[in-house]
Amino acid sequence: MTDLLSAVLKAHGGTERWDQLATVTATIVSDGELFAAKGLPQDLQPRRMTVDMHKEHASVRPFGAPEQRSDFTPDRIAIERADGTVVAERSNPRASFRGHTLESPWDPLDRAYFNGYALWTYLTTPFFAIMNGMGVEEAEPWNESSTERWRHLRVTFPADIASHSTVQDFYFGNDYLLRRHDYHVDIAGGFAAAQYVYDIHEADGIKFPTRRRAYLRRSDGRPDHDHLMVSIDLRDVHYF
């Protein structure tokens, strides 16, 4: 574990507290250009997200219908009714994205898979970095402005964890709290994203951002503010 990672974990609530918890729930509202590009424009209905904190599993409800939910793990995505009846499912879902570009359409299972791995990543940041198989190193800091210089952790994800891309970059302010998260969206043609986070709150001893805005990332590393690919607002977050 790097010195920076140790400080980051402590600033976000600490590993002792994290180890006491198993699940996080949050109400989410999401939007952005990505979903329209995929032929699935996002409504602004609040949804309830549930994420396991020590293994990669996530679910959101409602999904597609009032009494339906998604059920995500890296090797399976499903849409289920409230009683557990399977409406649709797909094994090895990552394989279905081979050859996709940014404009390739998604079906509801594709959307559920993206939602599952993305929200699992976001709601377990930065603590997933100490899970088995993660590679973490401190990389070059990022000069966000003339007055802000953010320290930088580069995380390499193992093959058994589904996420945006194998290598992702996380930037932290002087308080060691998350400011920005960079990645490539491999299942959508590999486009580069710069996701800024805002409005850090605390719930049940864990600190987390309540607003996320992911923009196309230009070749110079700066965000293209003309293209907001995904926005996520969170409220009613609870860890238990």
Side-chain angles (χ1 to χ4, degrees), residues 26-47 49 51 56 58 60 63-64 70 72 74 77 93-94 96-126 128 142 144-145 150 152-155 157 161-172 178-200 208-235 237:
T27 297
I28 64 170
V29 175
S30 55
D31 198 6
E33 293 181 22
L34 176 62
F35 308 117
K38 294 302 184 183
L40 296 170
Q42 182 67 51
D43 62 52
L44 298 180
Q45 177 184 4
R47 291 171 168 82
M49 193 81 207
V51 163
E56 195 175 16
V60 66
F63 190 90
S70 66
F72 158 81
I77 186 64
R94 196 80 172 197
S96 68
F97 297 96
R98 288 174 185 156
H100 273 218
T101 68
L102 179 57
E103 293 76 24
S104 300
W106 280 353
D107 64 24
L109 285 171
D110 295 330
R111 174 69 177 90
Y113 176 80
F114 172 82
N115 180 84
Y117 83 64
L119 269 295
W120 181 86
T121 302
Y122 304 155
L123 288 169
T124 61
T125 300
F128 66 72
W142 168 258
E144 178 64 16
S145 67
W150 295 341
H152 173 192
L153 284 177
R154 176 160 291 164
V155 178
F157 287 69
I161 295 291
S163 196
H164 291 302
S165 52
T166 299
V167 177
Q168 302 181 36
D169 296 292
F170 299 81
Y171 300 91
F172 303 89
L178 183 67
R179 296 291 193 275
R180 173 172 158 170
H181 172 198
D182 285 5
Y183 47 85
H184 291 82
V185 184
D186 287 347
I187 65 172
F191 74 84
Q195 182 180 116
Y196 285 78
V197 305
Y198 310 94
D199 297 345
I200 302 290
F208 57 92
T210 58
R211 293 197 303 133
R212 291 175 172 269
R213 299 292 184 269
Y215 300 94
L216 282 182
R217 176 162 39 100
R218 303 183 323 211
S219 59
D220 64 357
R222 301 290 171 182
D224 182 349
H225 289 286
D226 290 332
H227 293 285
L228 176 59
M229 303 307 289
V230 176
S231 68
I232 303 172
D233 293 339
L234 296 94
R235 58 180 172 83
V237 178

Visitor: With sequence neighbours left out, write down each residue that passes side chain to side chain donor-acceptor pair (under 3.5 Å) with Asp220, or none if nothing qualifies.
Guide: Arg218

Visitor: How about Glu144 and Arg222: do any of their side-chain heavy atoms sit closer than 4.5 Å?
Guide: yes

Visitor: Taking side chain as C-beta onward, heavy atoms only, is Arg94 less than 4.5 Å from Tyr117?
Guide: yes

Visitor: Atom CD in Glu56, atom OG1 in Thr121: separation rounded to 0.5 Å?
Guide: 6.0 Å

Visitor: How many angstroms lie between OG1 in Thr125 and CZ in Arg212, if you round to the nearest 0.5 Å?
Guide: 5.5 Å

Visitor: Identify, with sequence neighbours excluded, every residue that meets side chain to side chain donor-acceptor pair (under 3.5 Å) alongside Thr166.
Guide: none

Visitor: Is the shortest heavy-atom distance from the side chain of Asn115 to the side chain of Met49 under 4.5 Å?
Guide: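 Asn115 reaches Met49 side chain to side chain.
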
Visitor: Which residues pass the ring-ring contact (aromatic ring centres under 6.0 Å, His included) test with His152, sequence neighbours left out?
Guide: Tyr171

Visitor: Hey, are the side chains of Leu234 and Leu123 touching, using non-hydrogen atoms and a 4.5 Å cut-off?
Guide: yes

Visitor: State the CG-CD1 distance between Leu119 and Ile28, to the nearest 0.5 angstrom.
Guide: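 Going from the CG atom of Leu119 to the CD1 atom of Ile28 covers 4.5 Å.
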
Visitor: What residues form a salt bridge (charged side-chain N to carboxylate O under 4.0 Å, His left out) with Arg154, not counting sequence neighbours?
Guide: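 So Arg154 forms a salt bridge (charged side-chain N to carboxylate O under 4.0 Å, His left out) with Asp169.
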
Visitor: Kindly indicate whether the side chain of Val237, heavy atoms from C-beta on, has any atom under 4.5 Å from the side chain of Thr210.
Guide: no

Visitor: Can you tell me how far apart CE (Met229) and CD (Gln195) are? Round to the nearest 0.5 Å.
Guide: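 Reported to 0.5 Å precision, the distance equals 12.5 Å.
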
Visitor: Which residue in the set Phe128, Tyr122, Trp142 passes ring pair (Phe, Tyr, Trp, His ring centres under 6.0 Å) when paired with Phe170?
Guide: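 It is Phe128, the one option of Phe128, Tyr122, Trp142 that forms the ring pair (Phe, Tyr, Trp, His ring centres under 6.0 Å) with Phe170.
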
Visitor: Show the numbers, then the answer: is there a side-chain contact (heavy atoms from CB on, under 4.5 Å) between Ile187 and Trp106?
Guide: CA-CA 10 Å; Ile187 65 172; Trp106 280 353; 3.9 Å; yes

Visitor: For Asp199, which residues count as a side chain to side chain donor-acceptor pair (under 3.5 Å) partner, sequence neighbours excluded?
Guide: Arg211

Visitor: Can you tell me how far CG of Leu228 sits from CG of Asp31, rounded to the nearest 0.5 angstrom?
Guide: 7.5 Å

Visitor: Within 45 degrees of the ring normal and closer than 6.0 Å to the centroid, is that where the cationic atom of Arg180 sits relative to Trp150?
Guide: no

Visitor: Tyr198 vs Tyr196 aromatic rings, parallel, tilted or perpendicular, using cut-offs 30° and 60°?
Guide: parallel

Visitor: Are the ring centres of Trp120 and Phe72 closer than 6.0 Å?
Guide: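 Centroid distance Trp120-Phe72: not below 6.0 Å, so no.
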
Visitor: Kindly write out the residues that satisfy side-chain contact (heavy atoms from CB on, under 4.5 Å) with Asp43, not counting sequence neighbours, or none if the list is empty.
Guide: Gln45, Arg47

Visitor: Locate the shortest heavy-atom distance separating Pro209 from Val197; write the atom from each residue and the value.
Guide: CB-CB, 3.5 Å

Visitor: If the condition is salt bridge (charged side-chain N to carboxylate O under 4.0 Å, His left out), which residues does Asp233 pass it with, not counting sequence neighbours?
Guide: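 Counting only residues at least two positions away or on another chain, Asp233 forms a salt bridge (charged side-chain N to carboxylate O under 4.0 Å, His left out) with Arg213.
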
Visitor: Taking ring-ring contact (aromatic ring centres under 6.0 Å, His included) as the definition, give me every residue that meets it alongside Tyr215, ordered by chain and number, with sequence neighbours left out.
Guide: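 For Tyr215, the residues satisfying ring-ring contact (aromatic ring centres under 6.0 Å, His included) (neighbours in sequence not counted) are His225.
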
Visitor: To the nearest 0.5 Å, how far apart are CD1 in Ile232 and CD in Gln42?
Guide: 9.5 Å

Visitor: Is the shortest heavy-atom distance from the side chain of Phe35 to the side chain of Val230 under 4.5 Å?
Guide: yes

Visitor: Partners of Ser145 by side chain to side chain donor-acceptor pair (under 3.5 Å), sequence neighbours excluded?
Guide: Thr147

Visitor: Using the test ring-ring contact (aromatic ring centres under 6.0 Å, His included), find all partners of Tyr183 that sit at least two apart in sequence or belong to another chain.
Guide: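 Once residues adjacent in sequence are excluded, the partners of Tyr183 under the ring-ring contact (aromatic ring centres under 6.0 Å, His included) criterion are His164, His181.
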
Visitor: Restricting to ring-ring contact (aromatic ring centres under 6.0 Å, His included), what partner residues turn up for Phe63, sequence neighbours left out?
Guide: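 Residues passing ring-ring contact (aromatic ring centres under 6.0 Å, His included) with Phe63: none at all.
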
Visitor: Can you run down the salt bridge (charged side-chain N to carboxylate O under 4.0 Å, His left out) pairs that involve residues 102-116, sequence neighbours left out, and say none if there aren't any?
Guide: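 Listed by first then second residue: Arg90-Asp107, Arg90-Asp110.
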
